[in-house]
Amino acid sequence: MGTGREVDVRLAGVTKRFGDVVAVDDIALDILQGEFFSLLGPSGCGKTTTLRMIGGFEQPDEGAIELAGANVAGLPPHRRDVNTVFQSYALFPHLNVFDNVAYGLRRRRIAKDHIPGQVRRILELVDLPRFEARRITQLSGGQQQRVALARALVNQPRVLLLDEPLGALDLKLRKAMQLELKGLQHEVGITFIYVTHDQEEAMTMSDRIAVMREGRIEQVGPPEEVYERPATEFVASFLGASNLLDGTVGPPDGDFRTIELVSGEKVRVPAAAIEGTERSIKLGVRPEKIRIGTAGSASPADGDNAIEGTVRDATFVGVSNVYAVATRDGHEVTVYAQNLGTSTDRPPAPGETVTLTWHPEHTFVVSGREGGADGE
Amino acid sequence: MTRRGWVLPAYTTLVLLYLFLPIAVMILFGFNDIRGRFNFVWQGFTLRHWTGIWDTPELTDALKNSLLIASISTIVATSLGTMIALALTRYRFRGRGSTNLFIFLPLATPEIVLGASLLSLFVTANVSRGIGTILLAHIMFNISYVVVTVKARTQGFNREWEEAAKDLGATPWTAFRTVTLPLIFPGILAAAVLAFALSIDDYVITLFNAGATVTFPLWVAGASRFGVPPAVNVMGTLIFVVGVTLALLAVPLQRRRAAAPVAPPTGRVAG
Ligand SMILES: Nc1ncnc2c1ncn2[C@@H]1O[C@H](COP(=O)(O)OP(=O)(O)O)[C@@H](O)[C@H]1O
Ligand SMILES: [Mg+2]
């Protein structure tokens, strides 16, 4: 990014209320041309409403929406260069696959003899060749999903909106479709705005993710960034087990700051992670970043953070062991230990005292404020 | 097993007989070579009532009136009723509850009460009775039946279909014409057939509001005191045949539409 790509969709201070419910609360977003952008958040956080405002099905109460630089206030859906893949697909049951896909082309008055070719090409692209004559009711869920995709893509919109398009598929098909969809987006070069409540899905597919909560945007960034450096407690826990500990900010130490935990143990965090003059903070570390060892068995590598704890629970899940460890300040920390099978050490058992170590760089600091930080 | 073997077919046969015997008698007695006025006893086969079907001008006029009234009231009631059904299922507006109630009232009120009240209304308003008042009355009760019938179809309608159409570039009118209308058409068709049938044989309400106008049921009822001519059976047969033919023509259409479930394949159904 940063190559001066055009902004395809801009939301500025957009708010939408339904009676007393503030479905979308003052959000600002710039989505770039050709980007795979995800809106991620729990059910009811306003993802669909945001998408519907971009599509023209709802009008914002406040704020402006721009498509390709032009304000689209009051413009009805049929006059926006945007197409939608609906959550229920919304394929027309009285039309066959061909007529479903051709629907948008006909509305745009594409020359009659060009339509069959375009329909055939797009059906090949979504891997449904020779499905033209099929009835919608004769298709499986995955095939319907592809037809919905073809019906939208054949119009070559500037932006494609997808509302949990894989939600109705079973896990295996969903995984396969995630990769396929990502590949397809790359191929057609159209901006995708993808709504999902599945953090893994968002991380697999997206160039950037906006994490939403209660109508607001908590954080926007590439998947690695929102995962490795979550800005808020909510983002930290929504994107996986987050292991948060309370601490007090101490003196600087090179590129790091020393934090004193409630237990009295001291750890270091990147100095850049501490904003301003905060004294009391929450720090976190992802479970796969932590190494676990029986206390005193090995001294931590130079400069690593180390805290002590007691194993509460150890679960073997095949590729890794999952430990729940109670720290001395009373938090429970989750640790994933790769099942390398090379260690001569016996794995720690419940009840045993262990040392948890991790690299200070892997420590993140979240804003403890309830309600979260502002979007960008 | 053995029980199931004969009870169901026997029962079905009896019910079908019960339903079709009167119609069979009506058709048969259209061919009765009667002597005298009364058409109650079979006396021999003839086609003279068929060839002379239009020989009684008053009867012909009555049938024409009925066909005219039924056609107009069906068209008007089906259009208005369909729009009301759509509005009732898709919008939350003030007065929606009372509209639902008022639509239901004519179905629940005895016809004789409805007919009498309409008459007092027309007399009070000083409206002279005739084809116009019959039409008003028929449209009124037909609207109720149409709304109820069409609503059964629109209630299962997924609004995302319409939104998808608009999303793909359809204006609101095009979306209605190419998506909404075809999908609720079976309901509209059923409603129209029902409205036509109700109108063409309505006696009670029409009797109160007809003034000097005579419709087919009114004429038949009047004639029954002196003996109903077999031409009435012939006309009944014709109406029946036309009705059945239309219904049969509609079956493939219904079946084609019905192949499309009204509920979306997955996810929620808009209510
Ligand atoms: N048409 C509507 N009328 C009233 N409330 C609505 C409507 N649409 C959405 N909401 C409310 O707005 C909030 C956000 O909904 P939605 O955008 O559908 O969330 P998400 O897609 O993230 O699950 C919810 O509280 C929901 O109940
Ligand atoms: Mg949603």
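Letters go in sequence order (proteins before strands), and every chain restarts at 1. Excluded from the calculations below are hydrogen atoms, water molecules and symmetry mates; all remaining heavy atoms, backbone and side chain alike, are included.
In this structure, the portion of A:Asn155 lying under 4.5 Å from any heavy atom of chain B is its side chain and not its backbone.
Of all residues in residues 68-82 of chain B, none places a non-hydrogen atom less than 4.5 angstrom from a non-hydrogen atom of chain A. Interface with chain B: from residues 64-78 of chain A, residues A:Pro77, A:His78 qualify, criterion being any non-hydrogen pair under 4.5 Å.
Atom CZ of A:Phe18 has more than 12 heavy atoms from other residues, nucleotides or ligands within 6.0 Å. Summarising the local packing, CD of A:Glu132 is surrounded by more than 12 heavy atoms from other residues, nucleotides or ligands at distances under 6.0 Å. Applying the 6.0 Å contact sphere to CD of A:Gln59 captures more than 12 heavy atoms from other residues, nucleotides or ligands. In the displayed structure, B:Phe93 atom CZ is contacted under 6.0 Å by more than 12 heavy atoms of other residues, nucleotides or ligands.
Residues forming a side-chain hydrogen bond (donor to acceptor under 3.5 Å, both in side chains) with B:Asn100 (at least two apart in sequence, or on another chain): B:Lys151.
A heavy-atom distance below 4.5 Å is not found between the side chains of A:Phe92 and B:Thr178.
Judged as a salt bridge (Lys or Arg N to Asp or Glu O under 4.0 Å), the pairs with a partner in residues 162-173 of chain B (not counting sequence neighbours) are, in order, A:Arg52-B:Glu163, B:Arg90-B:Glu162, B:Arg159-B:Glu162.
Note that the NE2 atom of A:His94 and the OG1 atom of B:Thr180 stand 8.5 Å from one another [nearest 0.5 Å]. The line from OH of A:Tyr103 to OG1 of B:Thr174 is 6.5 Å long, rounded to the nearest 0.5 Å. Rounding to the nearest 0.5 Å places CG of B:Asn158 at 10.5 Å from CG of A:Leu91.
Between chain B and the options A:Arg79, A:Arg108, A:Arg151, A:Arg80, heavy-atom pairs under 4.5 Å are most frequent for A:Arg151.
Across all non-hydrogen atoms, the minimal contact from B:Ala164 to A:Ala90 is CB-O, 3.9 Å.
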